[in-house]
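After the structure tokens below, expect a handful of questions from me.
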Protein chains: 2
Amino acid sequence: MSKNIATDVEASLRGRISAGEWKPNGRLPPERDLAVEYGVARNTVRRALDALETDGAIKRHVGRGIFLNGGRGEIAEIVLRVTGVSPADLMAVRMIVEPQAASMAATNASRSDLDAIAEAHGLASEASETQLFEQWDAEFHQRIFAATRNELLISLHDILRIIRNRNAWIELKKKTFSENRRLDYCVHHGAILDALRNRSAQGAAAAMRDHMDAIQMTLFGRHQL
Amino acid sequence: MSKNIATDVEASLRGRISAGEWKPNGRLPPERDLAVEYGVARNTVRRALDALETDGAIKRHVGRGIFLNGGRGEIAEIVLRVTGVSPADLMAVRMIVEPQAASMAATNASRSDLDAIAEAHGLASEASETQLFEQWDAEFHQRIFAATRNELLISLHDILRIIRNRNAWIELKKKTFSENRRLDYCVHHGAILDALRNRSAQGAAAAMRDHMDAIQMTLFGRHQL
DNA sequence: GTACCTTGATCCAATCGTGTACCAATTAAA
DNA sequence: TTTAATTGGTACACGATTGGATCAAGGTAC
């Protein structure tokens, strides 16, 4: 697998936990036993358990053992669930969040925020390779969220971006991606940028909605689920 | 081929990266291995990697290896970081997401979904203690998100709920919370439920927006930031 | 020849996994 | 109650891996 044995053990334990091998609030085997089971040093197991503990997945007590955190909606569970969402679900959330973010950016963006967004738009338009275009396309959206000045919203978009990058359905996008579509996207970006510069919240939201519609159309060939 | 071997290696690596040979945040082979693979000296590989590093394409760590600069960070890190955001930021995001979730729930909710939402509404209305009311209040919103049938949206709401539970500014809410407000909230919940039962997407969104407005008013004494 | 690149080699520093030992808290047995 | 066993917490040393830095020698183009 990967280079980090501790990371592998961590992933394995996450899998076994989510698979229900131990009950909520149940007790995991002692560190020493886990070390023997995985055939690694106890320190390595401890590093893996450290990660699980910071996630809130487990709780450790000296002399007692390691216990699953029964509390529902733990972060580890969310991470597992979130990494496997479908493209359709992701697009639905983008349809909700991105226009509103554009609207918020229109009112909150600073002069330098707008310049940064314009820069991303320009570099995406001039990009020679598809790879480069997609990078600046993502950066364009990223900087709009940054302009909202809402930390939570920015982080949520980070999550969306990671999901988009991680899943193999990017291939879907590449297949259906044509030079024509790319030009459309640039036009959309230009319209969004204009609305932001005009401080038109509703205009920015509407332009972003059009853009999202186009992306949805490109990906799925339809506008609504 | 150009006269510069380092440039060739750099171009090759760029190609392999954009081709997706390694995942975002994935690990590249060690410099020594790459040198063997390309049949060049390690110093030459290092020059190529220097260019990639200044571009921000990769990140190098002594003793660990070379890593792709893919995502903005792992999801778990983001979620952990996000638990410290301000109440204002959180409310702004709720203002965006909750009405849209209600709208989506109106079209996607099954009969049992509606029953579950109604149950939470009923138990919240009848709750004797503030503690109990808040539990069923949270459950009401939770079940609306569940009714959207969008896993990502559900997960996002889980994150919002964790933030709400973890932070101390719940105290703020308790201070400004009166029996009067609580009755208002129940009325709002009832209006939302009616709209959901009528399958009125716009009505559910509007009712939820009113509810969010009231919460914002309770927390901050104003409607907008 | 001069300038630049490549190569090969060497050493340093950071990280990781391992192994070992001991401490502290808890539980179970005597 | 006292004692022993179990278990997580901490610390250190060792070897292997890996990137960081430098130097000298050889090759190529101008």
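Quick note on labels: first sequence line is chain A, next is B, and so on, each numbered from 1. For the numbers below, each heavy atom of this structure counts, side chains included, while hydrogens, waters and symmetry mates do not.
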Length of the line joining A/Leu34:CG and C/dT18:C1', which is rounded to integer Å: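 One finds 17 Å between C1' of C/dT18 and CG of A/Leu34, rounded.
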
Within the 4.0 Å limit for protein heavy atoms, which parts of nucleotides 4-9 of chain D are touched? Write it as a string from 5' to 3', B for base, S for sugar-phosphate only, - for none. ---BBB

Between A/Glu10 (CD) and C/dG17 (C1'), how many Å, whole number?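 Computing the A/Glu10:CD to C/dG17:C1' distance gives 16 Å.
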
Is a donor from one side chain sitting under 3.5 angstrom from an acceptor on the other, for A/Thr44 and A/Tyr38? no

Just checking A/Glu151: does its CD atom have more than 12 heavy atoms from other residues, nucleotides or ligands closer to it than 6.0 angstrom?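 No, not enclosed.
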
Only one of A/Leu13, A/Ile66, A/Ile58 forms a side-chain contact (heavy atoms from CB on, under 4.5 Å) with A/Trp22, so which one is it? A/Leu13

Nearest-nucleotide 5' precedence on DNA chain C, B/Gly39 against A/Gly39: B/Gly39

Using atom CD1 of A/Ile5 as one end and atom P of C/dC16 as the other, report the distance to the nearest whole Å.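 One finds 12 Å between P of C/dC16 and CD1 of A/Ile5, rounded.
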
Taken to the nearest whole Å, CZ/B/Arg47 to C1'/C/dT6 is 7 Å

Distance alone, cut at 3.5 Å: any donor-acceptor contact between the side chains of B/Asp158 and B/Ser155? no

Just to verify, what does A/Ser103 make a side-chain contact (heavy atoms from CB on, under 4.5 Å) with, not counting sequence neighbours? A/Ala201, A/Ala205

Can I get a per-line list of side-chain donor-acceptor pairs under 3.5 Å for residues 186-195 of chain A, giving both atom names and the distance, sequence neighbours left out?
from     : atom 1 : to       : atom 2 : distance (Å)
A/His188 : ND1    : A/His211 : ND1    : 3.3
A/His189 : NE2    : A/Asp137 : OD1    : 3.1
A/His189 : NE2    : A/His211 : NE2    : 3.1

Answer yes or no: does a side-chain N or O of A/Thr44 lie under 4.0 Å from OP1 or OP2 of C/dC16? no

To the nearest angstrom, how far is A/Asn43 atom CG from D/dG15 atom C1'? 15 Å

